[in-house]
K.L.:
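Encoded as structure tokens, here's the structure I'll be asking about.
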Amino acid sequence: LIDFSREIAAILNPEMLVEQVVSLMSQSFGYEYAHLFLVDAAGQEVVLREGLWRGQPAEPGDCRVLRVGEEGIVGWVADRGEPAVVSDVVSDPRYKPHSALPDVRSEMAVPLKVGGRVLGVLDVQSDHADAFAEPDLFVLCALADLVAIAIEDARLHVNMQRRLHEQTVLYETSAAISANLDADTVLRAIAAKLTEAVAAGACVIGQCDLEDDMLIPVAEYIVPSSQNPSHTWRSVGQAMSLSDDPIASHVLQTNRPALMVGERGEGTSVGSPSWAAPGWQTLLALPLQLESDIIGLIELYDRRASRQFSSEEVQLCQALAHQAALAMERIRLFNETRQRLSEVSALYMLANEIATNFDLDEVLDAIVRTIRRALGCRGCCIFLLDEASQTLEIKAAAGLKPEWRRAVRLRLGEGIAGRAAFEARAVYLTDTLRDPEYIFFDPEVRSLLAVPMQVKGRVIGVNNVDEQAPEALP
């Protein structure tokens with residue numbers, strides 16, 4: 001017993017521990033058939049973790065999993081928490097025979113207990129009747145006490161290491177978020193930490209645009225490895241409609257993590273198998289939630305179809321997802337505040353210039369330059385209305401080609417600027433290629449905002465801003 005205790009005391013890996021325990025039981029005590037069962041997390045079943053039959057690996061068949069209190073002598077011991085010695089299994093109704101062990105005649109099983117809690121069962125069998133007596137029970141109970149403590153210590157060690165790992169990951173992620181306000185840098189760092197935390201192959205962070213029913217990937221990280229695919233099914237910055245995105249739709253509707261497994265070209269549990277096309281075999285998707293609002297999605301990819309994400313790994317990912325959501329909100333608020341400060345500063349400087357300058361052309365030029373700088377748009381121009389001819393002419397412009405500035409003349413109601421002046425309301429054109437009323441002076445313009453300028457209810461002109469990309473103006 002002393003040697004046995006010394007051998008197992010230093011083993012803190014649960015898998016190695018159960019292997020060594022059964023091996024030592026077989027070698028040191030000469031048991032013909034030795035088994036170590038552990039109770040599952042639900043406490044409903046005992047599962048064979050290691051077994052040796054005459055020194056060879058066991059072939060448990062349908063006896064690998066036994067229902068507590070219902071199947072076999074092992075199930076009875078796990079339920080009662082009491083040892084059992086059966087001199088002749090043939091006459092014991094609790095015995096569950098095994099087709100590969102037709103000659104077994106006696107069995108002895110003792111519970112592995114810590115603090116009154118049953119962790120599992122040590123079980124030994126023999127081909128001889130009356131093979132186990134009181135001294136044998138005493139020895140096996142002593143072994144069971146040593147093994148139970150060793151298993152509990154190993155589990156505590158694993159849990160402690162896991163918690164240390166989780167806290168380290170959370171701390172490092174928090175530090176990375178706090179040290180930077182650049183959205184791309186922060187979100188890529190979070191994607192990398194998520195991938196590392198659960199030893200996955202890749203991670204994608206997506207942001208929801210619920211107004212337009214779109215998911216926009218904002219960060220991606222793929223572990224550099226020749227065994228990993230070089231990309232995921234998403235492209236950063238390329239929005240995907242939720243109607244074409246079964247993964248995002250499912251997670252947003254259920255607000256719960258979703259696990260998908262699929263071979264190349266085969267169906268998955270959610271929607272189409274497109275996500276697996278690059279070569280990924282397992283996908284874990286989690287919602288990004290800020291208070292009660294879902295603001296995005298996190299996807300973790302693995303190339304192995306056998307990959308399982310434990311409940312502890314999912315919880316860690318959810319904690320990191322919460323950090324990601326807070327980081328995205330923090331960056332949004334920072335950028336929004338910076339934008340507002342820039343606008344206020346620009347307006348203040350513009351007001352000063354207008355107040356001290358009585359040259360209309362110079363004032364209008366200052367206005368379009370300030371607006372273009374504040375909004376960061378491609379171009380800005382001001383049309384003034386000639387009341388006599390009822391036409392709009394460009395009087396100041398920034399970012400426009402000289403030929404367009406000279407050529408543009410619009411009647412009231414003509415084009416987007418003419419419509420804004422005629423209807424005395426702002427007109428936003430999200431895509432010039434889709435609006436038949438748009439007059440193509442400059443083919444580079446893809447989105448356009450026209451705002452009428454009014455004095456005491458009378459339209460005197462129109463302020464235009466434009467961008468090269470569709471839907472680019474807020």
Side-chain angles (χ1 to χ4, degrees), residues 1 3-86 89 94-96 98 100-101 104 106-127 131-132 136-158:
L1 287 175
D3 291 339
F4 182 90
S5 176
R6 187 184 300 114
E7 288 281 349
I8 67 172
I11 303 175
L12 293 175
N13 181 302
E15 298 297 330
M16 292 176 60
L17 177 62
V18 296
E19 290 179 7
Q20 186 70 354
V21 164
V22 175
S23 176
L24 288 171
M25 286 173 60
S26 179
Q27 294 174 12
S28 302
F29 298 94
Y31 295 123
E32 292 176 81
Y33 309 107
H35 311 97
L36 192 155
F37 289 82
L38 292 179
V39 177
D40 69 357
Q44 301 299 310
E45 296 176 331
V46 280
V47 182
L48 180 66
R49 297 301 302 275
E50 189 67 22
L52 286 176
W53 294 350
R54 298 185 181 278
Q56 300 300 314
E59 300 175 7
D62 61 356
C63 290
R64 178 178 294 276
V65 179
L66 302 171
R67 290 192 296 274
V68 172
E70 298 181 26
E71 289 185 296
I73 294 169
V74 169
W76 184 91
V77 170
D79 181 52
R80 298 293 185 90
E82 301 173 4
V85 179
V86 180
V89 294
R94 297 172 299 177
Y95 179 67
K96 182 175 181 177
H98 193 296
L101 300 176
V104 166
S106 56
E107 182 174 2
M108 178 169 59
V110 298
L112 299 169
K113 297 172 67 175
V114 173
R117 181 166 51 94
V118 177
L119 305 181
V121 176
L122 280 185
D123 175 72
V124 295
Q125 299 176 14
S126 172
D127 289 339
F132 306 113
D136 299 299
L137 179 60
F138 175 83
V139 170
L140 194 60
C141 285
L143 292 177
D145 290 340
L146 295 173
V147 172
I149 293 172
I151 289 174
E152 186 71 358
D153 286 346
R155 286 179 173 178
L156 290 174
H157 175 75
V158 169

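Heavy-atom basis, side chains included; hydrogens, waters and symmetry copies ignored.
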K.L.:
Please round to the nearest 0.5 Å and tell me the distance separating atom CD of Glu107 and atom CG of Asp123.
P.N.:
4.0 Å

K.L.:
Less than 4.5 Å apart, side chain to side chain, heavy atoms only: is that true for Leu36 and Leu122?
P.N.:
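Yes, their side chains come closer than 4.5 Å.
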
K.L.:
Would a 4.5 Å heavy-atom cut-off, applied to side chains only, mark Trp76 and Val68 as touching?
P.N.:
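Side-chain contact under 4.5 Å: no.
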
K.L.:
Find the distance between CG (Leu38) and CD (Glu50) and round it off to the nearest 0.5 Å.
P.N.:
11.0 Å

K.L.:
Return the OG to CG distance between Ser126 and Leu101, rounded to the nearest 0.5 Å.
P.N.:
11.0 Å

K.L.:
Quick one: does Pro83's side chain get under 4.5 Å of Leu137's, heavy atoms only?
P.N.:
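Of all side-chain heavy-atom pairs linking Leu137 with Pro83, at least one is under 4.5 Å.
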
K.L.:
When you check the side-chain N and O atoms of Trp53 and His98, is any donor under 3.5 Å from an acceptor?
P.N.:
no

K.L.:
Would you check if Leu140 and Val124 make a side-chain contact, meaning some heavy-atom pair closer than 4.5 Å?
P.N.:
yes

K.L.:
Is there a donor-acceptor pair closer than 3.5 Å between any side-chain N or O of Asp145 and the backbone N or O of Ile149?
P.N.:
no

K.L.:
Are Val139 and Leu143 side-chain neighbours, meaning at least one heavy-atom pair lies under 4.5 Å?
P.N.:
yes

K.L.:
Going by salt bridge (charged side-chain N to carboxylate O under 4.0 Å, His left out), name the pairs with one or both residues in residues 26-36, residues two or more places apart or in two chains.
P.N.:
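Listed by first then second residue: Glu32-Arg54.
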
K.L.:
If you look at every heavy atom in Ala131 and Asp136, which pair is closest and at what distance?
P.N.:
O-OD2, 3.8 Å

K.L.:
Salt-bridged, Glu45 to Arg64, with N to O below 4.0 Å?
P.N.:
no

K.L.:
Given side chains that start at C-beta, do those of Ile151 and Leu112 come closer than 4.5 Å, heavy atoms only?
P.N.:
yes

K.L.:
Look up atom OG in Ser106 and atom CZ in Phe132, then write down how far apart they are to the nearest 0.5 Å.
P.N.:
4.5 Å

K.L.:
Salt-bridge test for Arg94 and Glu71: reply yes if a basic N is under 4.0 Å from a carboxylate O, no otherwise.
P.N.:
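No.
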
K.L.:
Holding to side chain to side chain contact (heavy atoms under 4.5 Å, CB included), I want the full list of residues that pass it with Ala41, two or more places apart in sequence or in another chain.
P.N.:
none

K.L.:
Can you name the nearest heavy-atom pair linking Val114 to Ala148, along with the distance?
P.N.:
CG2-O, 3.6 Å

K.L.:
Report yes if the side chains of Phe37 and Leu66 come closer than 4.5 Å at any heavy-atom pair, otherwise no.
P.N.:
yes

K.L.:
Without hydrogens or angle criteria, can the side chains of Tyr33 and Asp127 be said to hold a donor-acceptor pair below 3.5 Å?
P.N.:
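Yes - a donor-acceptor pair under 3.5 Å links their side chains.
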
K.L.:
With sequence neighbours left out, write down each residue that passes side chain to side chain donor-acceptor pair (under 3.5 Å) with Ser23, or none if nothing qualifies.
P.N.:
Gln27

K.L.:
Nearest 0.5 Å, please: how far is CD in Glu15 from CD in Glu19?
P.N.:
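So the CD of Glu19 and the CD of Glu15 are separated by 7.0 Å.
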
K.L.:
How far does CD of Glu152 sit from NZ of Lys113, to the nearest 0.5 angstrom?
P.N.:
14.0 Å

K.L.:
Counting only heavy atoms not in Glu70, do more than 12 sit closer than 6.0 Å to its CD atom?
P.N.:
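Atom CD in Glu70 is crowded, with more than 12 foreign heavy atoms closer than 6.0 Å.
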
K.L.:
Closest heavy-atom contact between Leu17 and Ala154?
P.N.:
CD2-CB, 4.1 Å

